Amino acid sequence: MQTKTSQVKNLAILISGSGSNMQAIIDAIENGAINAKISVVISSNDIAFGLQRAKNHNIKTHITSLKEFGSAQARDKKILEILKPLNIDYVILAGYLGIITSEFIAQYKDKIINIHPSLLPKFGGSGMHGQNVHKAVIAAGEKVSGATVHLVDDGIDTGRILAQDSLDILPTDTPESLAKRILDNIEHKLLVKTLGEVCR
Ligand code: GRF
């Protein structure tokens with residue numbers, strides 16, 4: 001009986017910074033853990049190191065910075081034009097700081113996946129990105145923190161949760177040390193595991 005090998009999924013990855021989550025996806029595709037290929041990487045930041053990471057793997061890149069387009073709507077219109085001919089199955093927000101407009105979400109309903117460095121619904125929402133998240137978690141006296149992979153809906157960090165993982169906060173943790181431990185020990189593994197399942 002012919003086993004049905006699932007079609008390789010086409011991913012678009014949106015970044016704004018270092019791109020370490022994107023790097024984890026690149027590595028997982030190369031070692032066969034994710035049945036996908038990265039059709040394009042789009043950065044909101046023209047000096048994101050993630051652009052170099054993508055180029056190292058001959059992945060096509062685009063830069064769509066807000067200052068160039070003036071509004072989130074105009075920027076997303078450009079991103080949608082870039083994506084349209086690529087038959088994208090999933091759009092991955094990997095450390096992406098741009099606003100995703102409702103027009104974008106409507107075009108890729110339940111196909112936009114974000115990773116957020118806290119245990120949503122706690123410490124999500126407007127302004128909760130990067131170090132702000134970990135500062136708030138420590139200030140609140142939390143004992144555990146972690147990361148969440150979720151679908152993007154019209155809210156901020158409110159879409160259906162696909163996966164979460166957590167770690168204990170150490171008494172010596174600072175926002176920086178907590179951010180690094182979550183990024184290195186939780187985010188990369190959680191995103192790869194979840195995308196491996198989604199793209200199977
Ligand atoms: C990190 O703060 C991470 O927690 C969040 O985006 C930031 C940068 O990640 N998801 P990356 O190294 O650019 O993937």
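Numbering of ligands and ligand atoms starts at 1, following listing order. In this text, all values refer to a predicted model and were calculated from it rather than measured experimentally.
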Asker: Without swapping roles, check the side chain of H129 against the backbone of Y96 for a donor-acceptor pair under 3.5 Å.
Answerer: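 Here the side-chain-to-backbone pair does not exist.
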Asker: Residues in ring pair (Phe, Tyr, Trp, His ring centres under 6.0 Å) with Y90, at least two apart?
Answerer: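 Testing Y90 for ring pair (Phe, Tyr, Trp, His ring centres under 6.0 Å), a comparison that skips the adjacent residues, returns none.
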Asker: Is there a donor-acceptor pair under 3.5 Å between the side chain of D76 and the backbone N or O of F104?
Answerer: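 Between the backbone of F104 and the side chain of D76 there is no qualifying donor-acceptor contact (under 3.5 Å).
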Asker: Can you give each donor-acceptor pair under 3.5 Å made by side-chain atoms of residues 148-156, sequence neighbours left out, with the distance rounded to 0.1 Å?
Answerer:
{"unit_1": "T148", "atom_1": "OG1", "unit_2": "S118", "atom_2": "O", "d": "2.6"}
{"unit_1": "T148", "atom_1": "OG1", "unit_2": "L120", "atom_2": "N", "d": "3.0"}
{"unit_1": "T148", "atom_1": "OG1", "unit_2": "Q164", "atom_2": "NE2", "d": "2.8"}
{"unit_1": "H150", "atom_1": "NE2", "unit_2": "N114", "atom_2": "ND2", "d": "3.0"}
{"unit_1": "D153", "atom_1": "OD1", "unit_2": "G155", "atom_2": "N", "d": "2.8"}
{"unit_1": "D153", "atom_1": "OD1", "unit_2": "T158", "atom_2": "OG1", "d": "2.5"}
{"unit_1": "D153", "atom_1": "OD2", "unit_2": "T158", "atom_2": "OG1", "d": "3.3"}

Asker: Per the ring pair (Phe, Tyr, Trp, His ring centres under 6.0 Å) rule, what does the pair list look like for residues 42-63, sequence neighbours excluded?
Answerer: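 Sorted pair list comes back empty.
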Asker: Tabulated below should be the N or O atoms of ligand 1 paired with protein N or O atoms at under 3.5 Å; can you produce that?
Answerer:
{"unit_1": "ligand 1", "atom_1": "4 (O)", "unit_2": "E187", "atom_2": "OE1", "d": "3.2"}
{"unit_1": "ligand 1", "atom_1": "4 (O)", "unit_2": "E187", "atom_2": "OE2", "d": "2.5"}
{"unit_1": "ligand 1", "atom_1": "10 (N)", "unit_2": "E187", "atom_2": "OE1", "d": "3.0"}
{"unit_1": "ligand 1", "atom_1": "12 (O)", "unit_2": "S20", "atom_2": "N", "d": "3.0"}
{"unit_1": "ligand 1", "atom_1": "12 (O)", "unit_2": "S20", "atom_2": "OG", "d": "2.6"}
{"unit_1": "ligand 1", "atom_1": "13 (O)", "unit_2": "S18", "atom_2": "N", "d": "3.4"}
{"unit_1": "ligand 1", "atom_1": "13 (O)", "unit_2": "G19", "atom_2": "N", "d": "2.8"}
{"unit_1": "ligand 1", "atom_1": "14 (O)", "unit_2": "S20", "atom_2": "N", "d": "3.3"}
{"unit_1": "ligand 1", "atom_1": "14 (O)", "unit_2": "N21", "atom_2": "N", "d": "2.9"}
{"unit_1": "ligand 1", "atom_1": "14 (O)", "unit_2": "N21", "atom_2": "ND2", "d": "2.9"}

Asker: Surrounding CG of L170 (heavy atoms of other residues, nucleotides or ligands, distance under 6.0 Å), is the total greater than 12?
Answerer: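 For L170, atom CG is crowded (more than 12 foreign heavy atoms under 6.0 Å).
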